[in-house]
Trainee: 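Can you keep this structure in mind? I'll have questions shortly.
Here is how names work: the chains are called A, B, and so on, in the same order as the sequence lines, proteins then strands, and each is numbered from 1. Because the structure is a prediction, the values reported are computed rather than measured.
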Amino acid sequence: MDKVFDPGSYEPRWQAFWRERGYFVAQAPSERRPFCIMIPPPNVTGKLHLGHALQSTLQDLLTRWRRMQGYEALWLPGTDHAGIATQLMVERALAEEGTSRQELGRERFVERMWEWKERYQDNIRRQLERLGASCDWSRERFTLDEGLSRAVRVAFVRLYREGLVRRGEYMVNWSPLLDTAISDLEVEMKEVRGQLYHLAYQVEGSDERIVVATTRPETMLGDTAVAMHPEDERYRHLLGKAALLPLVGRRLPFVADPAVDPELGTGLVKVTPFHDPTDFEIGRRHGLPALQVIGRRGVMTVEAGPDFAGLDRFAARTEVIERLRAGGFLLKSEDHVHNVGHSQRSGEPVEPLVSTQWFCDMQRMAERALAAVREGRLELVPDMWVKTWEHWLENIKPWCISRQLWWGHQIPAWYTGDGRTVVAHDLAEAVRLAGTDELQQDEDVLDTWFSSALWPFSTLGWPEDTTDLRTFYPTDMLVTGHDILFFWVARMVMMGVHLTAKEPFHTVHLTGLVRDAEGHKMSKTRGNVLDPEELIGEFGADALRFTLATLDSPGRDIPLDPQRMAGYRAFGNKIWNATRFVLSRVGEARVQGELSPAGLAPAERWVLSRLSRTADEVGRQLEAFRFDEACGRLYHFFWGDLCDWYIELCKPALSGEAPRPRVGEVLLTVLERSLRLLHPVMPHLTEELWHRLPGHEVGHAETLALAPYPQRLPEWEDAAAEAQLGVLVALVSQVRSMRTDLGLPPRTPLTLYLEPSDEAAAGLDEQLPLLRFLLRLEDVRLAAPPEQAAQDLVAGVRFGLEAGAVPLDEQERQRLTGELDKLAEQIANAEARVANAGFLSKAPAEVVAQQRQRLAEMRQRREQILQRLAAAE
RNA sequence: AGGCCCGUAGCUCAGUUGGUUAGAGCGCUACGUUGACAUCGUAGAGGUCGGCGGUUCGAGUCCGCUCGGGCCUACCA
């Protein structure tokens, strides 16, 4: 076995092995219990980032764990066409070639999109494989593939026929740069420093001037009214009259509407029904005419008048202000900080625009999604997200699902020449329904998230009643970032419940964001972006996986420090070398399928006991999705219990110095089960090592990936052995500490005297050879330490080191004095506590007993220190 | 404006239902090439658990207030 630990030398080999053997292809139907996770389909826009690596690691960990537990485990991979995002990328590429999608035309543009998709989809597959993902690639899906497209059409038609999807003219968020409508969620509010302009409007047929304030003066060109609160006495006399719009001269009737806040500004507000959401509602309520003065591209329309038509909306703002000022209509302008919606994808301020779009009414579905969580059918982990979930769903609004893009699912709606709309699964059905073949299909495509919302079941063949769907739906887990809780998770739940009558999964594990070592968000501008592939190259996939899993604490972002990853690479090295040691020492021993602790020495019984308890705890932590805790237990068992203690304890037995029965078998068996326990997090390393263990076939004939996941074995658990070894461990640590304190060079020949309490004495004599070995002692005796020996007390054992003259340097004296001070304080506290009547009567008896015992120990220890100080005088 | 989360060692974080002497990794100090591993071993330094108040025999943990940081939701002209 190679002395050098090099993950790169074996990781690709096992990835190919797993793929070629088809171990991760799920069978349906199956006798086993199903376990299913759908991958959150990455966008086909580029390469995977650490967020994907994190989520994929957790999904793979869960899938491998359940698979080893005997579940029919399916982790279904796939990708998302990501309408706007991908179209933007390709348009950018076209721009570099000096062309555009308009120039190419829709058909050729979409061809280009598919080429792009193929390239990036390959990339994503390769990256997932490098991470060790145990996906079932035979079931890979893409949101625009044939089956999923059909699912989208079926869902759309059904929702339409149920009256939940409709087409209508409403105010939407419009992105002038993208030239499409976007949903509320795609709008990001940003604080903007702007100006609040106070404008004076003349009241018609009167000398009175009223004042309105606005941050968007250019919209005044589209004003059609002035509104006040119905109960605002100050302006009641104006009702029935009209104001005159400056620059334009249009009559603006006064209307009373409760949407106006009389406390704010002058209590009068200009009404621009086509360019402000509130004004749109006011306009509807009062039947106001509406003018669109700003067009799709953010350019003023002819309605804005010849002076402004063709100007960009921001240029128009400047121009309008100039003219108002010149005309004496601008009373004042003041600095004003306010929130402005920006397009999340393209960054520019969104233009509220009235437009004909398709909407999906979410109200009823939202209620059922709320109930799913409240009634426990759906669990959000961590549960701090429940309130956020409820708040959003309780205030849900219709979802604008149409997009003026070319990359996506074209809306299955057709229009006849005479203005009728037909919604159908395909053209043939549309023709039949319309009674004519003179049909024009809607040009728009659906919001990407519409198809994503169907992902958990469309990937399994819905709407067909497929075997896969019957076997694996509803799925079990969803693992994704909290940033798409509304975009995706909520919509999947709503659509799933509505279309399949089932929650699409019962548990959602929401991860945090992967940040840099200092906790900063990774960004290109900051230059702190870490690439998963580079990290895999440097540390290995298993180290990356272990790092991400162990940092996934509930509700927290993940600060990824390469130094820390180096630490987990070192953990891999530790496992590698421990295996190397075991293999070189165990002779003819083999891994045992069944191993009875009867007749074994305490050290062996101890490690078996620790292993059983570790398996139990790891299992429990995984059940609770505490990947951090599960990894922590594995790490400490392997490095601490197994390497630091048990392997060291084996050395004198294996060398023949102090033989014990069946040490080799125990070592191999413990190692094999440890590799099994570790496999879901570190699949490559464990598979590599496992195949080298003689007798590993007891787990599985071919692969560790299908070997049973170790469980607790109560017959291995042994409180007496744990207690005995506990004394040994404490004693060894304390003697080492004393040796350092005394400044004794490591090679100094020492004699250790032990005087145990009755309780600690049990079996101590058997441990003497181990003590001698671990502490490199000259001699160890069960006897009272001589007068001049340095003495101390630990775990009920008084011990002394005879090391000739004991020099006590100044540093050591200070340390001991410091400890005395600390002890004095703690003793005082403990004394006060055990003298407190309230404590004695109300605290549980065991806590009181513990406190008393601790007090006694502290007093004894104080004695020892005083003696040592005195002896050195 | 409302909601949520965080504040524990130099750094990044654990700390489950309140109960011994508050932990880990990294970093730091000292010593160590004992035949698995220097990607290692041994020992050690380092914390008024943001602050104030309360409940309790007992608070990092529960409650109130407060300061600092982050995130989400929101049609205030």
Trainee: State the CG-CG distance between Leu50(A) and Leu544(A), to the nearest 0.5 angstrom.
Mentor: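 Rounded to the nearest 0.5 Å, the CG-CG separation comes out at 6.5 Å.
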Trainee: Would you kindly give the CD-to-P distance between Glu390(A) and rU73(B), to the nearest whole Å?
Mentor: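 Checked: the CD to P distance equals 17 Å.
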Trainee: Would you mind classifying the nucleic acid contact of Asn339(A) as base, sugar-phosphate or nothing, using non-hydrogen atoms under 4.0 angstrom?
Mentor: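 Contact class for Asn339(A): base.
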Trainee: Report the residue (Tyr568(A) or His336(A)) whose heavy-atom-nearest nucleotide on RNA chain B is the more 5′ of the two.
Mentor: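 Result: Tyr568(A).
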Trainee: Output yes when at least one side-chain N/O atom of Lys387(A) is less than 4.0 Å from OP1 or OP2 of rC72(B), else no.
Mentor: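 For rC72(B), neither OP1 nor OP2 has a side-chain N or O of Lys387(A) closer than 4.0 Å.
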Trainee: How about Leu689(A) and Tyr10(A): do any of their side-chain heavy atoms sit closer than 4.5 Å?
Mentor: no
Trainee: Of all the nucleotides listed (rU34(B), rC37(B), rC5(B)), which has the minimum atom distance to the side chain of Arg776(A)?
Mentor: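 The closest nucleotide is rU34(B).
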Trainee: Which of the following nucleotides, rU73(B), rA36(B), rU42(B), is nearest to the side chain of Cys643(A)?
Mentor: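 Minimum distance to the Cys643(A) side chain belongs to rA36(B).
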Trainee: With a non-hydrogen cut-off below 4.0 angstrom, is Lys651(A) in contact with a base, only sugar-phosphate, or nothing?
Mentor: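 Base contact - Lys651(A) has a heavy atom under 4.0 Å of at least one base atom.
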Trainee: Do any side-chain nitrogens or oxygens of Lys574(A) fall under 4.0 Å of OP1 or OP2 in rG41(B)?
Mentor: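 Checking Lys574(A) against rG41(B): at least one side-chain N or O falls below 4.0 Å of OP1 or OP2.
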Trainee: In this structure, which one of Thr224(A), Asp279(A), Thr219(A) forms a side chain to side chain donor-acceptor pair (under 3.5 Å) with Lys270(A)?
Mentor: Thr219(A)
Trainee: Kindly point out which of rA43(B), rU34(B), rG15(B) is positioned nearest to the side chain of Glu629(A)?
Mentor: rG15(B)
Trainee: Quick one: does Glu648(A) reach the base of rA36(B) with a side-chain donor-acceptor pair under 3.5 Å?
Mentor: yes
Trainee: Which one, rU12(B), rG19(B), rC76(B), comes nearest to the side chain of Arg564(A)?
Mentor: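 From the listed options, rU12(B) comes nearest.
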Trainee: With no hydrogens and no angle check, is any side-chain donor or acceptor of Thr547(A) less than 3.5 Å from a backbone partner on Ala543(A)?
Mentor: yes
Trainee: Pick base, sugar-phosphate or nothing for Ala624(A), based on heavy-atom distances below 4.0 Å to the nucleic acid.
Mentor: nothing
Trainee: Under 4.0 Å between any heavy atoms, over every strand shown, what does Val260(A) touch: base, sugar-phosphate, or nothing? Just pick one.
Mentor: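 Contact class for Val260(A): base.
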Trainee: Look at the rings of Tyr635(A) and Tyr568(A) and say which category their plane angle falls in: under 30° parallel, 30 to 60° tilted, over 60° perpendicular.
Mentor: perpendicular
Trainee: Between the side chain of Trp576(A) and the main-chain N/O of Asp2(A), is any donor-acceptor distance below 3.5 Å?
Mentor: yes
Trainee: Could you provide the dot-bracket string of RNA chain B, using ( ) for intrastrand pairs, [ ] for crossing pairs and | for bases paired to another strand, with Watson-Crick or G-U pairs below 3.5 Å?
Mentor: (((((((..((((.....[...)))).(((((.......))))).....(((((..]....))))))))))))....
Trainee: Kindly say if Thr278(A) contacts the phosphate of rC76(B), meaning a side-chain N or O under 4.0 Å from OP1 or OP2.
Mentor: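 No, no such contact exists.
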Trainee: Select base, sugar-phosphate, or nothing to describe what Pro844(A) touches, counting heavy atoms under 4.0 Å on all strands.
Mentor: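 It contacts base atoms.
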Trainee: What's the shortest heavy-atom distance between Arg633(A) and Val618(A), and which atoms?
Mentor: CB-CG2, 3.8 Å
Trainee: Validate the cation-pi geometry between Arg776(A) and Phe773(A): distance from NZ or CZ to the six-membered ring centre under 6.0 Å, angle to the ring axis within 45°.
Mentor: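 Because its charged atom sits under 6.0 Å from the ring centre and within 45° of the axis, Arg776(A) does stack over Phe773(A).
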Trainee: Under 4.0 Å between any heavy atoms, over every strand shown, what does Lys3(A) touch: base, sugar-phosphate, or nothing? Just pick one.
Mentor: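 Result for Lys3(A) = sugar-phosphate.
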Trainee: Could you tell me whether Glu846(A) contacts a base, only the sugar-phosphate backbone, or nothing, with contacts defined as non-hydrogen atoms closer than 4.0 Å?
Mentor: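 Since no nucleic acid heavy atom lies under 4.0 Å of Glu846(A), the category is nothing.
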Trainee: Taking the side chain of Arg736(A) as heavy atoms from C-beta outward, which of rG19(B), rA43(B), rU56(B) is closest to it?
Mentor: rA43(B)
Trainee: Could you please name the option among rA24(B), rA36(B), rC75(B) that lies closest to any side-chain atom of Ala578(A)?
Mentor: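 Shortest atom-to-atom distance from the side chain points to rA36(B).
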Trainee: When the P atoms of rC72(B) and rU20(B) are compared, how many Å lie between them, rounded to an integer?
Mentor: 39 Å
Trainee: Tell me what Arg626(A) touches on the nucleic acid: a base, only sugar-phosphate, or nothing, going by heavy atoms under 4.0 Å.
Mentor: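 Contact class for Arg626(A): sugar-phosphate only.
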Trainee: What distance, rounded to whole Å, do you find between the two C1' atoms, one in rG15(B) and one in rA59(B)?
Mentor: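 Looking at atom C1' only, rG15(B) and rA59(B) are 14 Å apart.
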Trainee: Calculate, to the nearest 0.5 Å, the distance between atoms NZ and CG belonging to Lys842(A) and Asn836(A) respectively.
Mentor: 9.5 Å
Trainee: NA contact type, Arg580(A), heavy-atom cut-off 4.0 Å: base, sugar-phosphate, or nothing?
Mentor: sugar-phosphate
Trainee: Just checking His338(A): base, sugar-phosphate only, or nothing, at a heavy-atom cut-off of under 4.0 Å?
Mentor: sugar-phosphate
Trainee: Both Asn836(A) and Gly519(A) contact RNA chain B. Which one's nearest nucleotide lies toward the 5' end?
Mentor: Gly519(A)
Trainee: With a 4.0 Å cut-off on heavy atoms, is Trp639(A) in touch with a base, just the backbone sugar-phosphate, or nothing at all?
Mentor: sugar-phosphate
Trainee: From C-beta outward on Trp392(A), which listed nucleotide comes closest to its side chain: rC13(B), rU73(B), rU39(B)?
Mentor: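 The answer is rU73(B), which lies nearest to the side chain.
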Trainee: Give one of base, sugar-phosphate or nothing for Asp561(A), where a contact means two heavy atoms less than 4.0 Å apart.
Mentor: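 Asp561(A): no heavy atom of the nucleic acid under 4.0 Å.
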